[in-house]
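In what follows, chains are A, B, ... by sequence order, proteins preceding strands, each numbered from 1. Atom set for the values below is all heavy atoms of this structure, side chains included, hydrogens, waters and symmetry mates excluded.
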Amino acid sequence: MHLYESNPIKIYNSLTGEKEVFKPINAGHVGMYVCGPTVYSKVHLGNVRTFMSFDMVFRYLKHLGYKVRYVRNITDAGHLENDADAGEDKITKKARLEQIEPMEVVQRYTVDFHNILNIFNFLPPSIEPTATGHIIEQIELISAIIENGFAYEVNGSVYFDVHKFNDTHTYGKLSKRKLEDLIHNTRVLDGQSDKRNPQDFALWKKAEPQHIMRWPSPWSDGFPGWHLECTAMSTKYLGEQFDIHGGGMDLKFPHHECEIAQNEAAKGKSPVNYWMHANMLELNGQRMSKSTGNTVNPDELLSGNNPFFSKAFAPGVIRFFTAQSSYRSVLDLTDDGVLASEKGFYRLMDGMGLLNSTKVSRTSTLDVAAWRLKCYAAMNDDFNTPILISHLFEAVKYLNQIKENKASITAKDLEVLKTTMHAFVYDVLGLENSAETNSGNDKLAGAVELLIKLRQEARANKDFALSDQIRDELAEVGIQLKDSKDGTTFSLS
RNA sequence: GGCGUCGUGGCCGAGUGGCUUAGGCACAGGUCUGCAAAACCUGCUACAGCGGUUCGAUUCCGCUCGACGCCUCCA
């Protein structure tokens, strides 16, 4: 018996615009693909939010007992600089600016990407394939599309024939666009004279002499178009049809639309059953943009070394802040917002600490079994983490009430409460209890316990000057003492 | 201009055709405390505007205003 059998989940499917009951193609197994980063610069904080959302989805599916194959690619071939398809790709450009090899850029920022995700306690995906490692698969895909009559070659480059495709298929079904609208609204750019129509997109580009990243193909020495890699890699590792495809909202068009078209053109099948899109992250109500300076890197956010935030934040605080809003909502990153989340986060973590010291009774004043079901119900409803968190706070309040002798819990219920909270806080939300980790540090705990003991003696002697000095100076280094009837505990913030 | 998402109380953010409330932060009063902090109890401001459907709408529909995303590099 797996948890997923008693927990049918509903997923908002961008393709249909509705919440649908999730049914995997193979019972008990989930195939999930998420478009990964282009590794030409430090990972964008908004990108981190997107991946954090899907990390949570991955974690919950695993928690329910699904065997999940989670594929998240590394784009190391570089997207073209603009839709004219004539420019350099981003990685080549960066390499030229930094005067290093393109693969050196790729290596540097791939390492940076992994470092950042590790700091934020991400689970590694099952497979993390690279675009450059799948050139052969991409060439095969192009050949199939040409064979089926949906692509044409011009001067060594191959383009997807959107108009021809749309005669027998529907181009724009995901983004709800109509080809005729696109025709009226597509700006004519320079350098796309090879295309039959402006809406066509490149599957293969012949490399200009100065283009460093290039591979041989039946059409020319060149490089693959920027929508192709995800189709090639998702097909290779998840099959021609799979369960979930995720990515940032901004990728819906054209990237994901083109993925659908490529798959249908090559394999005759729509590749994905559930399309999920994570919404955008804003900074102080504005979109993050490198050009306007309204941007902050993940490491700058964590170090406090930035002009937007009043202090440094622990990675768990940022994860908690993210989980307090729905993955489908625009999230506004502000100093006030993160500060508020920080307090809530530590309140939750203090509650987690109580799980080990709570006294049990003969009766429970809370229906713990019903509470547990509410937690699952929240997550089953399109991964509603804000509602889950509200239930977690209900449990924290309950634990505090027990401590105040205003509520009680049985040993059996406490075990359920503990197991459930651990599952959701640590396993599903991916939060780490810095307080618990630190109190596991025996040397620190021993030193603080000694100071607590000395302070107790001072208080017993009514030497309040000394006792307050101990309390205040510990507070200055981030150790907060908490007095209660049962003695004094401490927490780190 | 086209397509899409959205507009909730001091702030952040869920949710719903009427039922008793999201939750966090902030604020006020109280309990506890040597004093604080923490915790607990109580209170406090809501559903952009205008119409429509309905016995009844914050929730459904239409319009207006506004925000954001995509349509062009940015996740």
Side-chain angles (χ1 to χ4, degrees), chain A residues 14 17 35-38 40-41 43-51 79-84 87 90 93 172 174-178 180-187 189 199 247-255 257 277-282 285-292 295 320-321 324-326 328-348 350-351 354 378 381 384-394 396-397 399-407 459-460 462-464 467-468 471-472 475 480-485 488-491:
Chain A
S14 302
C35 295
T38 304
Y40 70 105
S41 67
V43 61
H44 192 284
L45 195 58
N47 218 168
V48 172
R49 190 229 175 164
T50 298
F51 298 142
H79 293 170
L80 294 162
E81 270 292 282
N82 59 53
D83 203 38
K90 291 175 192 167
K93 184 180 182 185
L174 177 65
S175 56
K176 315 281 191 288
R177 280 157 217 256
K178 293 195 176 94
E180 54 188 87
D181 293 336
L182 290 170
I183 293 167
H184 293 308
N185 290 301
T186 302
R187 189 188 295 179
L189 297 161
Q199 294 75 38
M249 194 78 98
D250 52 336
L251 295 181
K252 202 193 256 187
F253 188 90
H255 183 57
E257 202 68 76
H277 289 95
N279 220 133
M280 301 290 105
L281 181 70
E282 296 178 353
Q286 303 283 128
R287 89 159 297 177
M288 288 203 196
S289 161
K290 285 170 197 167
S291 57
T292 61
T295 186
F320 182 74
F321 174 77
Q324 273 190 305
S325 79
S326 159
R328 286 200 288 131
S329 299
V330 173
L331 179 59
D332 190 13
L333 191 66
T334 63
D335 194 41
D336 287 346
V338 183
L339 284 170
S341 285
E342 184 181 44
K343 295 202 174 177
F345 172 72
Y346 287 117
R347 182 170 143 83
L348 176 63
D350 285 347
L354 289 176
D381 182 17
N384 196 331
T385 50
I387 292 293
L388 169 68
I389 287 173
S390 79
H391 296 323
L392 294 175
F393 275 112
E394 192 186 336
V396 169
K397 189 171 186 173
L399 288 164
N400 280 321
Q401 285 172 335
I402 295 168
K403 196 180 171 192
E404 301 265 320
N405 294 319
K406 288 177 177 170
R459 290 175 76 194
K462 301 217 186 285
D463 185 355
F464 297 123
S467 74
D468 288 355
R471 181 179 71 200
D472 296 343
Q480 190 193 42
L481 299 187
K482 294 175 182 176
D483 295 329
S484 75
K485 289 166 193 143
T488 302
T489 57
F490 71 97
S491 68

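Comparing B:C12 with B:G52, their C1' atoms are spaced 33 Å from each other, to the whole Å. With both ends at atom P, the span from B:G49 to B:G9 equals 10 Å, rounded to whole Å. For the C1' atom pair drawn from B:U58 and B:G13, the interatomic distance equals 16 Å after rounding to whole Å. Comparing the C1' positions of B:A57 and B:G2 gives an interatomic distance of 32 Å, to the nearest angstrom. For B:C63 and B:C3, the P atoms lie 12 Å apart once the distance is rounded to whole Å. For the P atoms, the distance from B:A38 to B:U45 is 25 Å, rounded to whole Å. Atom P of B:C68 sits at a distance of 29 Å from the matching atom of B:A26, rounded to the whole Å. Comparing the P positions of B:C65 and B:G24 gives an interatomic distance of 39 Å, to the nearest angstrom.
For B:A36, its base sits under 3.5 Å from the side chain of A:Arg471 at one donor and acceptor pair at least. If you check distances only, the side chain of A:Arg177 never reaches the base of B:C71 with a donor-acceptor pair under 3.5 Å. A donor-acceptor contact under 3.5 Å links the side chain of A:Asp468 to the base of B:G34. In terms of polar N and O atoms assigned as donor or acceptor, the side chain of A:Ser467 comes within less than 3.5 Å of the base of B:G34 in a complementary pairing. Remark: the A:Asp483 side chain and the B:A37 base include no donor-acceptor N/O pair separated by less than 3.5 Å.
Using a 4.5 Å cut-off on side-chain heavy atoms (C-beta onward), A:Leu174 and A:His277 make contact. At least one side-chain heavy atom of A:Leu45 sits under 4.5 Å from a side-chain heavy atom of A:Leu333.
A donor-acceptor contact shorter than 3.5 Å links the side chain of A:Arg49 to the backbone of A:Asn279. Using modelled atom types, one side-chain atom of A:Asn384 and one backbone atom of A:Ile387 make a donor-acceptor pair closer than 3.5 Å. Judged purely by atom type and a 3.5 angstrom limit, A:Glu257 uses its side chain to pair as donor or acceptor with the backbone of A:Ser175. Side-chain atoms of A:Ser467 come within 3.5 Å of backbone atoms of A:Phe464 as a donor-acceptor pair (strictly under, hydrogens ignored).
Within 4.0 Å (heavy atoms only), A:Thr334 reaches no atom of the nucleic acid at all.
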Pair A:Arg459-A:Asp483, salt bridge (Lys or Arg N to Asp or Glu O under 4.0 Å): steps then yes or no: CA-CA 12 Å; A:Arg459 290 175 76 194; A:Asp483 295 329; 3.7 Å; yes
Identify the pairs formed between an N or O of the protein and an N or O of nucleotides 22-27 of chain B at a distance under 3.5 Å, and give each distance.
unit_1: B:A26; atom_1: OP1; unit_2: A:Lys343; atom_2: NZ; d: 2.7

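Aromatic ring orientation, A:Phe320 versus A:Phe345: tilted (interplanar angle from 30° to 60°).
The existence of a salt bridge linking A:Asp350 and A:Arg347 is excluded, since no basic side-chain nitrogen approaches an acidic carboxylate oxygen closer than 4.0 Å.
Taking every side-chain heavy atom of A:Phe464 into account, B:G34 is the closest of B:G34, B:C70, B:G13. Comparing B:A37, B:U5, B:A14 by their nearest atom to the side chain of A:Ser326 picks out B:A14. Side chain of A:Met288, nearest nucleotide from B:A37, B:A75, B:C12: B:A75.
In this structure, CG in A:Leu331 is found 8.5 Å from CD in A:Glu282, a value given to the nearest 0.5 Å.
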Please convert RNA chain B into dot-bracket. A pair counts if it is Watson-Crick or G-U wobble with both distances under 3.5 Å; crossing pairs go in [ ] and bases paired with another strand get |. (((((((..(((.....[....))).(((((.......)))))....(((((..]....))))))))))))....
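Between A:Gln401 and B:C41, a side-chain N or O to OP1/OP2 separation shorter than 4.0 Å is present. Side-chain N/O atoms of A:Ser329 include one lying less than 4.0 angstrom from OP1 or OP2 on B:A14. Residue A:Asn384 places at least one side-chain N or O under 4.0 Å from the OP1 or OP2 atom of B:G15. For the pair A:Arg459 and B:C35, the criterion of a side-chain N or O lying under 4.0 Å from OP1 or OP2 is not met.
Annotation: of the two residues near RNA chain B, A:Lys462 and A:Glu404, the 5′-most nearest-nucleotide partner is A:Lys462. Residue whose closest nucleotide on RNA chain B sits further toward the 5' end, between A:Leu481 and A:Pro37: A:Leu481.
Atom CG of A:Asn405 is separated from atom C1' of B:C32 by 12 Å (rounded to the nearest Å). For the pair A:Arg287 CZ and B:C73 P, the computed distance is 12 Å after rounding to whole Å.
The list of salt bridge (charged side-chain N to carboxylate O under 4.0 Å, His left out) pairs with a residue in residues 328-338 of chain A, not counting sequence neighbours, reads A:Arg328-A:Asp382.
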